[in-house]
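Since the structure comes first, as structure tokens, the remarks are kept for the end.
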Amino acid sequence: MSALWLLALLLPTAVAALLVVAPLRPVVLAMAPWTIPPVFGLALYAPPPLYLDDVLFGVVLGVDLSGEILLLLVALLWWLAGLQAQATLARDPAAPRFFAFFLLSFVGSAGLIMAQDAVSFYAFFTLMSFAAYGLILHRGDAQAREAGRIYLILALLGEAVLLAGVLMAVAAAGEAGFAALRAAVATAPERDLIVALIAVGFGIKVGVIPLHVWLPLAHPAAPAPASAVLSGTIIKAGLLGWLRFLPIGETALPGWGAAFVAFGLLAAFYGVAVGLAQRELKVVLAYSSISQMGFVTVGVGLALLHPAQAEIILWAILIYALHHGFAKGALFMGVSVISPLPRARLARVAVVAGVALAGLALAGAPLTSGALAKALLKAAVADNHLDAVLALAAMGTTLLMARFLWLVLHKPHGQAAAPGVWVPWLGTLALMAGVAWVVAVYGRAPLAAPGPLGAGWDALWPVLAGIVVAAFGWRFGGGIRWPGVPPGDLLRPAEALLRPLASVSLDVPRRRVQAFGLLLERRTRALVLGNIALVERRLSRWRTPAGLVLVLALVLWWSLGYGGGWLGYSPH
């Protein structure tokens with residue numbers, strides 16, 4: 001079984017490296033999505049942990065309950081998205097570059113789920129974060145460069161904050177294992193500071209307000225299959241980070257639990273409100289992801305508030321993450337099928353039906369995976385006020401999905417997409433409909449809660465209310481029309497506010513410093529900005545990004561692992 005561990009991580013890494021070699025690219029490119037299924041074997045069989053004492057500070061790879069569920073999502077969704085990417089990028093000369101970053105992002109996403117210690121988790125999380133930048137920048141146009149710049153700024157901010165939190169947590173525990181780490185954080189004198197750093201560092205990936213602004217910029221810039229994995233799995237890395245590092249189940253944290261619930265509900269409603277004002281399919285879906293991850297954030301807050309109910313809340317969070325991953329993957333991959341909407345009537349009906357099914361699942365309609373996840377969450381904590389708020393949020397999700405459907409129906413008609421685009425999308429829809437139920441039943445989730453099938457009136461009325469309001473808007477307003485809000489929303493007023501402040505801050509020293517200081521400032525600023533521009537231009541080509549990532553990975557591997565002795569650390 002140790003060979004399966006190594007195959008799961010080394011095979012896609014090797015293929016990503018081979019994509020640099022021009023004569024091998026056509027053959028290797030065909031292999032790229034087929035390097036992913038070994039991870040599916042890990043999710044199914046959950047082999048004994050693998051200990052690599054000579055890598056980093058001593059890596060431990062394993063699969064626990066959350067790992068099995070999330071690895072299942074990662075393996076299946078990345079595989080299907082990779083197959084669709086092969087079809088949609090068949091004539092794109094930059095396809096090899098895309099798949100190199102695609103596979104490196106996959107290795108990071110899968111590796112952080114397997115990681116059973118804080119150091120290897122952080123290393124894989126960093127690899128995933130920076131490799132995902134290549135997916136966002138793929139087109140290389142002005143929109144992609146802006147989206148990539150905002151993403152990179154927030155990613156660097158998150159890495160810095162996260163590194164501080166991880167180091168403090170490991171110092172408090174005296175070791176890097178997650179069980180000891182969570183217990184130590186619960187009683188550490190710096191507990192609140194550690195929790196704050198962890199909450200912000202991973203909250204950027206989750207899309208917590210106001211750290212969400214990269215999502216509505218990144219999704220329109222990235223190809224649809226990349227958006228599917230960005231929304232379906234990469235933002236779940238932030239959720240897993242919370243579950244790994246926060247002292248969930250160890251002690252009650254009323255203040256932090258209430259904060260997570262408040263920010264989760266804010267995201268749930270804010271994502272809907274701003275999403276309704278959007279006019280582009282993928283931007284609507286990006287705000288839907290912000291809203292849906294708000295439900296997950298609420299679940300984390302409830303676990304911090306009620307440690308005795310942590311197990312059932314954890315099940316609800318994981319089932320919700322699994323359901324949301326496949327549903328949002330199906331919607332984003334559906335954009336490749338929708339654009340343009342097939343001219344043939346039967347194909348159009350199939351597209352609309354598939355989109356509507358995924359939308360109903362997100363809204364939590366009865367008998368869908370979304371209803372199952374919400375039933376588990378409601379069963380964990382009996383709170384009538386929370387039930388009412390979640391029902392209103394489900395109504396908002398229905399409205400947002402109706403907005404998406406309205407935009408789909410107004411797409412121009414054209415030639416239907418190729419089978420290579422359709423088949424992965426249909427496969428993702430099938431997984432969305434059934435996988436969460438299979439995992440809940442065979443994983444023995446606590447389904448004895450009232451209304452486990454989500455078939456009751458509580459699950460039905462928010463969806464019906466949303467459909468009625470949407471139908472009213474369609475009939476009398478020509479669709480739901482809100483004043484336009486630019487993608488990135490809060491980013492635009494922040495830019496307008498900081499622009500004059502930046503000019504003032506630069507003007508003051510010009511009048512007061514000596515000529516040498518002024519010259520040094522100008523030269524330094526020109527050098528930094530020139531290097532940033534150079535890096536951006538080179539990142540839009542092929543050889544520099546993949547080679548740079550691989551070289552940095554090797555340097556990091558040696559310096560932290562084999563070179564760990566000069567850092568004064570030993571894994572034993």
Side-chain angles (χ1 to χ4, degrees), residues 33 36-37 39-40 43-44 66-85 106 109-110 113 206 219 224-237 239-240 282 285-286 288-293 295-296 299 315-338 350-351 353-365 367-377 397 400-401 404 421-443 445 454:
I36 294 173
V39 172
F40 181 65
L44 288 182
S66 58
E68 287 186 72
I69 294 175
L70 293 179
L71 274 182
L72 185 67
L73 169 64
V74 165
L76 292 173
L77 185 58
W78 280 80
W79 176 55
L80 291 170
L83 292 176
Q84 190 184 73
F106 166 73
S109 299
I113 296 172
V206 173
H219 285 307
S227 294
V229 295
L230 280 169
S231 181
T233 64
I234 288 181
I235 62 175
K236 306 299 188 303
L239 166 64
L240 184 61
K282 292 174 74 176
L285 292 180
S288 172
S289 293
I290 294 168
S291 175
Q292 292 297 304
M293 292 308 292
F295 289 107
V296 174
W315 263 108
I317 292 172
L318 292 174
I319 293 297
Y320 203 102
L322 186 65
H323 131 78
H324 175 265
F326 285 123
K328 195 51 63 73
L331 286 168
F332 273 112
M333 290 167 67
V335 172
S336 297
V337 180
I338 293 164
V351 168
V355 168
L357 177 62
L360 288 173
L362 281 181
L367 301 178
T368 64
S369 54
L372 170 66
K374 290 179 181 179
L376 286 172
L377 188 60
T397 301
L400 193 54
M401 289 298 97
F404 180 78
V421 177
W422 273 81
V423 173
W425 176 62
L426 293 174
T428 308
L429 281 173
L431 292 172
M432 177 202 71
V435 169
W437 292 99
V438 172
V439 169
V441 172
Y442 284 94

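Quantities reported herein were computed from a predicted structural model and do not represent experimental measurements.
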Rounding to 0.5 Å, atoms CE (Met333) and CG (Leu83) come to a distance of 8.0 Å

Evaluate Leu357 against Met432 for side chain to side chain contact (heavy atoms under 4.5 Å, CB included), listing each step before the verdict.
CA-CA 9 Å; Leu357 177 62; Met432 177 202 71; 3.7 Å; yes

Are the side chain of Trp425 and the backbone N or O of Val337 linked by a donor-acceptor pair below 3.5 Å?
no

Classify the ring geometry between Tyr320 and His323 as parallel (under 30°), tilted (30 to 60°) or perpendicular (over 60°).
perpendicular

Using the rule given for side chain to side chain donor-acceptor pair (under 3.5 Å), can you reason through Thr233 versus Trp78, listing the C-alpha separation, both sets of side-chain angles and the distance that settles it, and then say yes or no?
CA-CA 9 Å; Thr233 64; Trp78 280 80; 2.8 Å; yes

Side chain to side chain contact (heavy atoms under 4.5 Å, CB included) assessment of Ser109 paired with Ile234
CA-CA 7 Å; Ser109 299; Ile234 288 181; 3.9 Å; yes

Tell me, with the steps shown, if Val39 and Phe106 meet side chain to side chain contact (heavy atoms under 4.5 Å, CB included).
CA-CA 10 Å; Val39 172; Phe106 166 73; 3.4 Å; yes

Nearest atoms (heavy-atom pairs only) where Trp315 meets Ile69
CZ3-CD1, 3.9 Å

dist Ile235:CD1 -> Ile290:CD1 (nearest 0.5 Å) comes out at 8.5 Å

So which atom in Gln84 and which in Val421 form the shortest heavy-atom distance, rounded to 0.1 Å?
NE2-O, 3.1 Å

Side chains of Phe295 and Ile317: closer than 4.5 Å at any heavy-atom pair?
no

How long is the straight-line distance from CH2 of Trp437 back to CG of Leu367, given to the nearest 0.5 Å?
6.5 Å

What distance do Leu72 atom CG and Ile113 atom CD1 have between them, rounded to the nearest 0.5 Å?
10.0 Å

Tell me, with the steps shown, if Thr428 and Leu76 meet side chain to side chain contact (heavy atoms under 4.5 Å, CB included).
CA-CA 8 Å; Thr428 308; Leu76 292 173; over 6 Å; no

Which pair of heavy atoms, one from Leu80 and one from Gly427, lies closest together, and at what distance?
CD1-C, 4.0 Å

Could you go step by step and tell me if Ser231 and Ser289 meet the side chain to side chain donor-acceptor pair (under 3.5 Å) rule?
CA-CA 7 Å; Ser231 181; Ser289 293; 2.5 Å; yes

Is there side-chain contact between Leu362 and Lys328, with at least one heavy-atom pair below 4.5 Å?
yes

Nearest-0.5 Å distance that lies between atom OG in Ser288 and atom NE2 in His219
9.5 Å

Would the number of heavy atoms belonging to other residues, nucleotides or ligands and lying under 6.0 Å from CH2 of Trp422 be above 12?
yes

Could you tell me the separation between the CG atom of Leu70 and the CG atom of Leu322, rounded to the nearest 0.5 Å?
8.0 Å

Heavy-atom closest pair (Leu240 atom, Ser66 atom, distance to 0.1 Å) is CD1-OG, 4.1 Å

Considering non-hydrogen atoms only, spot the tightest contact between Leu372 and Ala436 and give its length.
CD2-O, 3.8 Å

Minimum heavy-atom distance between Ala358 and Ala327, given as atom pair plus value
CB-O, 4.1 Å

